[in-house]
Amino acid sequence: MVVLGIETSCDDTGVGIVAGGRIVANEVASQTLLHARYGGVVPELASREHTAVLDEMVERALDAAGLKAGQVDLVAATRGPGLVGPLLVGLTYAKGLAWGLGRPFVGVHHLEGHVHGALAEKELEPPFLVLIASGGHTHLYDVPAWGEYRLLGATRDDAAGEAFDKVARTLGLGYPGGPEIERLAAAGSERAVPFSVPMQGREGYDFSFSGLKTAAVRFAQSGYEPADIAASFQRVAVAALVGTLERAARDLGRRRVVVAGGVAANRLLRSELQASSLEVYLPPVGLTSDNGAMIALSAWRRWRRNPEPDPLTLAAEPYLPLGEG
Ligand code: KG4
Ligand code: ZN
């Protein structure tokens with residue numbers, strides 16, 4: 001079975017193809033440069049760019065997979081959460097493609113896409129914990145069964161990726177901040193700047209990252225070296241994520257955790273997770289940030305359990321809690 005997945009929830013246009021459960025194409029066009037001068041994603045510009053490139057991206061994905069459009073059996077797209085304009089572009093395109101090909105269509109929850117991206121190489125049956133850490137989300141779920149997501153904790157302010165982006169801006173680095181911080185941190189000392197791990201010692205599983213950003217501004221003003229700020233910030237941000245995950249796993253009697261979202265690309269996070277008591281499932285490099293392959297994979301696995309198409313009237317949902325999609 002060949003599944004084509006489209007992802008346009010934010011500023012990346014992703015088209016991926018899964019054949020027989022394996023990823024055979026994953027084309028992503030990033031709009032980072034388009035939005036760079038505005039300091040954030042401009043939704044209307046993002047929508048227009050998705051519209052402009054989708055046809056070509058689908059062709060590129062089909063070429064990469066050595067397939068013709070007529071060989072696609074199922075068309076999927078992200079239905080939410082995300083920016084409503086960009087979501088509508090991909091969703092409407094996917095519906096049109098499905099209708100034109102006479103094939104079924106399914107809408108996919110963006111975060112469930114990230115979960116399957118992390119499980120691309122190794123399938124996993126629930127129960128497990130899921131941590132999504134991206135530019136827009138820092139959400140920790142318990143997943144007792146497929147489709148059941150119990151929210152254990154979330155960020156009270158900034159998302160983890162957002163904190164990397166904001167600290168990077170404070171240090172005069174580019175966007176997205178995560179890779180920039182990681183690069184600069186390699187030249188710094190992770191104990192040189194006295195950040196404290198946020199929410200440590202608190203009950204529950206919530207996160208908070210805005211205090212780190214404020215502290216980074218203060219440390220920069222007091223003359224600490226940027227590389228030391230980057231390294232020390234990265235250490236405590238990672239410690240907050242890993243510490244909370246370990247505690248939740250212990251409390252709930254879970255050992256297996258899936259970590260997904262853009263921040264899952266961070267090498268310190270990956271190595272700390274691997275060194276922890278947890279059995280960790282991380283997305284392969286190239287599947288951490290938004291992409292169409294994770295949407296196709298998610299749709300395929302759902303279809304295998306339940307071959308039920310969604311109606312072509314399925315709406316884009318900018319705020320879609322996991323478990324209700
Ligand atoms: O999942 P994603 O591509 O997009 C959404 O936000 O949905 O995540 C992007 C976020 C950005 O905030 C970026 O700074 C962060 O992930 N990120 C990283 C790294 N690579 C990307 N954060 C820390 N370390 C990285 N290596
Ligand atoms: Zn995402």
Side-chain angles (χ1 to χ4, degrees), residues 5-14 16 26 28-32 35-36 39-41 43 46 77-83 86-87 90 108-118 130-139 154-155 158-171 173-186 190 207 209-210 212-213 216 230-231 233-242 258-273 282-295 297-298 318 320 322 325:
I6 293 178
E7 156 62 38
T8 61
S9 66
C10 191
D11 61 342
D12 290 316
T13 316
N26 191 23
V28 180
S30 163
Q31 301 179 3
T32 304
H35 302 285
V41 176
T78 304
R79 67 176 291 227
L83 300 169
L87 281 171
V108 172
H109 193 291
H110 180 75
L111 299 186
E112 191 155 270
H114 274 299
V115 173
H116 287 286
V130 169
L131 172 69
I132 313 261
S134 69
H137 303 269
T138 310
H139 283 54
T155 183
D158 292 347
E162 194 179 356
F164 275 85
D165 296 334
K166 286 183 173 175
V167 172
R169 202 182 310 158
T170 299
L171 300 178
L173 305 170
Y175 177 88
E180 301 278 328
I181 293 274
E182 198 175 333
R183 207 168 304 131
L184 185 61
E190 56 174 39
F207 303 92
F209 292 101
S210 68
L212 291 182
K213 186 240 153 186
F233 158 76
Q234 182 175 244
R235 179 184 72 82
V236 292
V238 165
L241 295 171
V242 177
V258 176
V259 180
V263 181
N266 186 276
R267 273 168 297 177
L268 180 66
L269 176 63
R270 295 174 86 99
S271 65
E272 292 288 313
L273 285 167
L282 287 159
V285 176
L287 286 186
T288 52
S289 52
D290 294 349
N291 65 85
M294 70 184 196
I295 301 305
L297 202 54
S298 193
L320 183 64
L322 197 50

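In listed order, ligands and their atoms are each counted from 1. Any value given below was found using the heavy atoms of this structure, including those in side chains, with hydrogens, waters and symmetry copies removed.
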Fill in the blank from the handout: min-distance protein heavy atom vs atom 21 (C) of ligand 1 -> Gly262 O, 3.4 Å
Problem - Per-atom contacts of ligand 1 with Asp290, taking only distances under 4.0 Å to non-hydrogen atoms - result: 1 (O), 2 (P), 3 (O), 4 (O), 5 (C), 7 (O)
Completion exercise
When distances are taken from atom 3 (O) of ligand 1, the protein heavy atom at minimum range is Ser289 CB, 3.0 Å
Completion exercise
ligand 1 to Gly177, heavy atom cutoff 4.0 Å, flagged ligand atoms 14 (O)
Practice task
For the residue pair Leu87 and Thr78, establish whether any side-chain heavy-atom pair is separated by less than 4.5 Å.
Solution key: yes
Exercise for the section: Report yes or no: does a heavy atom of His114 sit under 4.0 Å from some atom of ligand 1? Expected result: yes
Practice task
Please check if the side chain of Asp165 supplies one atom and the backbone of Pro176 the other of a donor-acceptor pair under 3.5 Å.
Solution key: no
Practice task
Provide, to 0.1 Å, the distance between atom 12 (O) of ligand 1 and the closest protein heavy atom, together with that atom's residue and name.
Solution key: Asp165 OD2, 2.7 Å
Practice task
Answer whether the closest heavy-atom distance between the side chains of Phe207 and Leu131 falls below 4.5 Å.
Solution key: yes
Fill in the blank from the handout: For Ala46 and Cys10 the tightest heavy-atom approach is CB-O, 3.9 Å
Exercise for the section: Could you tell me whether Asp158 and Lys166 have a side-chain N and a carboxylate O separated by less than 4.0 Å? Expected result: yes
Practice task
Could you walk me through whether Ile132 and Val115 pass the side-chain contact (heavy atoms from CB on, under 4.5 Å) test, one step at a time?
Solution key: CA-CA 8 Å; Ile132 313 261; Val115 173; 4.1 Å; yes
Problem - Nearest non-hydrogen protein atom, atom 18 (C) of ligand 1 - result: Gly178 CA, 3.4 Å
Exercise for the section: Could you tell me the residue and atom name of the protein heavy atom closest to atom 9 (C) of ligand 1, and the distance to it rounded to 0.1 Å? Expected result: Gly135 N, 3.7 Å
Fill in the blank from the handout: Taking only non-hydrogen atoms of Gly161 and a 4.0 Å limit, the atoms of ligand 1 in range are 12 (O), 14 (O)
Exercise for the section: Give the residue and atom name of whichever protein heavy atom lies nearest to atom 26 (N) of ligand 1, and the separation in Å to one decimal. Expected result: Glu182 OE1, 2.7 Å
Fill in the blank from the handout: closest protein heavy atom to atom 24 (N) of ligand 1 is Asn266 ND2, 3.0 Å
Practice task
Verify whether the ring centers belonging to Phe209 and Phe164 lie closer than 6.0 Å.
Solution key: no
Handout entry: Flag side-chain contact, heavy atom, 4.5 Å: Leu322 against His139
Key = no
Practice task
Measuring from the Zn ion (ligand 2), name the closest N, O or S atom belonging to Asp290.
Solution key: OD1
Practice task
Number the atoms of ligand 1 from 1 as they appear, then name those within less than 4.0 Å of a heavy atom of Pro176, with their elements.
Solution key: 13 (C), 14 (O)
Completion exercise
Between His114 atom NE2 and His110 atom NE2, the angle centred on the Zn ion (ligand 2) rounds (to 10°) to 90°
Completion exercise
Heavy-atom closest pair (Gly135 atom, Ala159 atom, distance to 0.1 Å) is O-CB, 3.5 Å
Exercise for the section: Check ligand 1 against Gly136 and write out every atom of the ligand that is under 4.0 Å from a heavy-atom position of the residue. Expected result: 6 (O)
Handout entry: Gln234 side chain near Glu182 side chain, heavy-atom distance below 4.5 Å
Key = yes
